[in-house]
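Right, I'll just put the structure down here and ask away after.
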There are 2 protein chains.
Amino acid sequence: MPPHRTRRRIPDATVARLPIYLQILAEQSAGGVDNISSEGLADLAGVNAAKVRKDLSYLGSYGTRGVGYDVDHLVYQIRRELGLDHDWPVVIVGAGNLGQALAGYGGFNDRGFPVAGIVDIDPGKFDSVVAGARVRPLEELAQIVAAKGISIGVIATPPTAAQDAADRLVKAGVTSILNFAPIVLSVPVGIVVRKVDLAVELQILSYHEQRRSVADQNGQLHAVPAERGRGATA
Amino acid sequence: MPPHRTRRRIPDATVARLPIYLQILAEQSAGGVDNISSEGLADLAGVNAAKVRKDLSYLGSYGTRGVGYDVDHLVYQIRRELGLDHDWPVVIVGAGNLGQALAGYGGFNDRGFPVAGIVDIDPGKFDSVVAGARVRPLEELAQIVAAKGISIGVIATPPTAAQDAADRLVKAGVTSILNFAPIVLSVPVGIVVRKVDLAVELQILSYHEQRRSVADQNGQLHAVPAERGRGATA
DNA sequence: GGACGCATGTGCACGATTTCACAAAGCAGG
DNA sequence: CCTGCTTTGTGAAATCGTGCACATGCGTCC
Ligand SMILES: NC(=O)c1ccc[n+]([C@@H]2O[C@H](COP(=O)([O-])OP(=O)(O)OC[C@H]3O[C@@H](n4cnc5c(N)ncnc54)[C@H](O)[C@@H]3O)[C@@H](O)[C@H]2O)c1
Ligand SMILES: NC(=O)c1ccc[n+]([C@@H]2O[C@H](COP(=O)([O-])OP(=O)(O)OC[C@H]3O[C@@H](n4cnc5c(N)ncnc54)[C@H](O)[C@@H]3O)[C@@H](O)[C@H]2O)c1
């Protein structure tokens, strides 16, 4: 058998938490902290310490028993595992309110996801400059993706155009999509899609508020339902 | 014992999917479809049909065996369960790029979450009108929350100010928070927080891209890793 | 009025994730 | 070097979520 398998497969739930740990660790590092225990990190992340240890164990054994983890080394390892040791240029489809806000947002560049292109279907938007990037016609999408070696696309079109945008992105060679339009996209297997949907988030909050009021009416004063509290002072 | 308990507790995973079903069902209803099977809905939502049935069964038995579900009735029931039978006014803290974009976004109002107020700490922003709402001083937050009966707050401040914003929201009486700042908030138990973090989403995509390239190098051409495909043509 | 076909609702097995609990391991102090 | 204290790394148990499989109930057609 081969020396060591491709690499451990990391559970989805863990992958979703690694960026949180990374953000906290980077802050700690900037603040001069050079060592942290699983419990310390857990408090700052608002999770259980055992979970932190198990999550980190998927990266390898980088802690020191009786001491904790070296913050900088952990930052390095998490970044490596997440593929953040180099930039991932992204292309934005749709240069409306949201598309422009995203393009102008420093958080993209700062975190290693430079906006390498932004396209729109409206000729009225062409060549307007949004935060350093010129808006290009939708037709140039494939060319931009190929020229810049882009594998991540962001959809910021109206819902009705989002499936078309996804199809074009996939055809152009993009393999990961971040979708801001409130519709379910259909894509070939192998393409990873993540959705950010404001309405969904608000409706989930609404559900909890609604439950709260129902519970109050029934005199269940502090029945401690399934709410989640966060620990630690960030 | 009482006639029937408060109401079934719905699993988090299900609550997170109900808004998706709702959106699809509303579309179908608008399109003249008046009946749908669990399989039809499952295809449109990109999930398993059994999951749809189990999810819907938490609302009660509203399907007809051999036939399917009445679309409008399902819309009604889901809306009721999510607490969408009345508006939930929200207050936005931070009137910067994001705060203004959100306030101006029709999606809030349309979906039953009217922006009842927006506050900022910067006097330069006071009284500027953002989509019908006047930006008010941060100090008026408590008053606005009380006057409008607000229970949901949105944080759109820089990360450094987000914890302070959360503290003020909680003190003002808000019990649900949607946080756009990339930090983990610390709040009392009972307060529900949801976070929307662009960097986290992109880093998760980055992880999958990174794995993809590692797999390619090892000649694992189509080893079908843990990717998720979506079904149906939306 | 009865037989047939279809789609729901759900028991059950399975898989994933979380949490517990503790042995193993590093460090400090004597 | 040995003892004691601390914190990791990880089996194993508990919990949660998913999907299969099928009995049940409803509508339709003869
Ligand atoms: N604005 C917000 O704060 C906000 C918040 C959450 C979600 N969203 C969602 O984000 C999406 C965009 O919102 P917005 O406010 O920017 O809308 P918008 O109308 O301002 O912008 C949409 C842009 O997409 C372009 N477009 C239309 N069809 C296209 C196509 N086929 N290919 C490429 N470009 C196309 C339009 O020309 C326009 O420039 C919507 O789906 C909306 O629901 C917006
Ligand atoms: N702009 C985007 O596209 C985008 C995308 C994702 C996430 N975010 C996040 O959203 C947040 C806001 O981003 P932005 O681009 O709007 O920033 P911004 O600087 O444009 O706006 C921040 C606003 O908050 C106000 N503010 C500062 N301290 C405050 C306080 N204590 N109380 C109330 N208001 C206060 C400021 O006066 C300013 O108006 C940031 O945390 C950012 O990381 C932004």
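Chain naming here is simple, since letters A, B, ... match the order of the sequence lines and numbering starts at 1 in each.
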**Q.** Check: B:Glu209/A:Thr175 side-chain N/O donor and acceptor closer than 3.5 Å
**A.**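 A donor-acceptor contact under 3.5 Å links the two side chains.
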Q.
Under 4.0 Å from a heavy atom of chain A: give me the 5'-most and 3'-most nucleotides of DNA chain C that qualify.
A. C:dT17 to C:dC27
Q. Of all residues at least two apart in sequence or in a different chain, which pass the side chain to side chain contact (heavy atoms under 4.5 Å, CB included) check with B:Asn109?
A. B:Pro114
Q: Starting from P on D:dC26, measure out to OH on B:Tyr62 and report it in whole angstrom.
A: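 It is 16 Å, rounded to the nearest whole Å.
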Q: Would you mind reading off the distance between B:Asn35 atom CG and D:dG27 atom P, rounded to a whole angstrom?
A: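 These atoms are roughly 11 Å apart.
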Q. If you find the nucleotide of DNA chain C closest to B:Ser37 and the one closest to A:Val67, which residue's nucleotide is nearer the 5' end?
A.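 In this pair, the answer is B:Ser37.
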Q: Name all residues meeting the side-chain hydrogen bond (donor to acceptor under 3.5 Å, both in side chains) criterion together with A:Gln203; count only those two or more places apart in sequence or in a different chain, and write none if there are none.
A: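 Expected list: none.
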Q) Hey, are A:Asp85 and A:Arg80 close enough for a salt bridge, meaning a charged N less than 4.0 Å from a carboxylate O? A) no
Q. In the 5'-to-3' direction, what one-character label does each nucleotide of nucleotides 12-21 of chain D receive under the scheme B = base within less than 4.0 Å of a protein heavy atom, S = sugar-phosphate only, - = no such atom?
A. B----SSBBB
Q: For A:Arg65 and D:dG4, give me the distance from atom CZ to atom C1', rounded to whole Å.
A: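 My rounded result for the distance is 17 Å.
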**Q.** Sequence-distant partners of A:Ser206, side-chain hydrogen bond (donor to acceptor under 3.5 Å, both in side chains), two or more places apart
**A.**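 A:Ser206 satisfies side-chain hydrogen bond (donor to acceptor under 3.5 Å, both in side chains) with B:Trp88 once adjacent residues are dropped.
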Q.
Strictly below 4.0 Å, N to O, side chains only: are A:Lys171 and A:Asp167 in salt-bridge contact?
A. no
Q: Give a yes/no on whether any side-chain N or O of A:Tyr69 is located under 4.0 angstrom from OP1 or OP2 of D:dG9.
A: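 For D:dG9, OP1 or OP2 has a side-chain N or O of A:Tyr69 closer than 4.0 Å.
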**Q.** With B:Glu201 via side-chain hydrogen bond (donor to acceptor under 3.5 Å, both in side chains) - residues at least two apart
**A.** A:Arg194
Q) Just wondering, do B:Leu25 and B:Tyr69 contact through their side chains at under 4.5 Å, heavy atoms? A) no
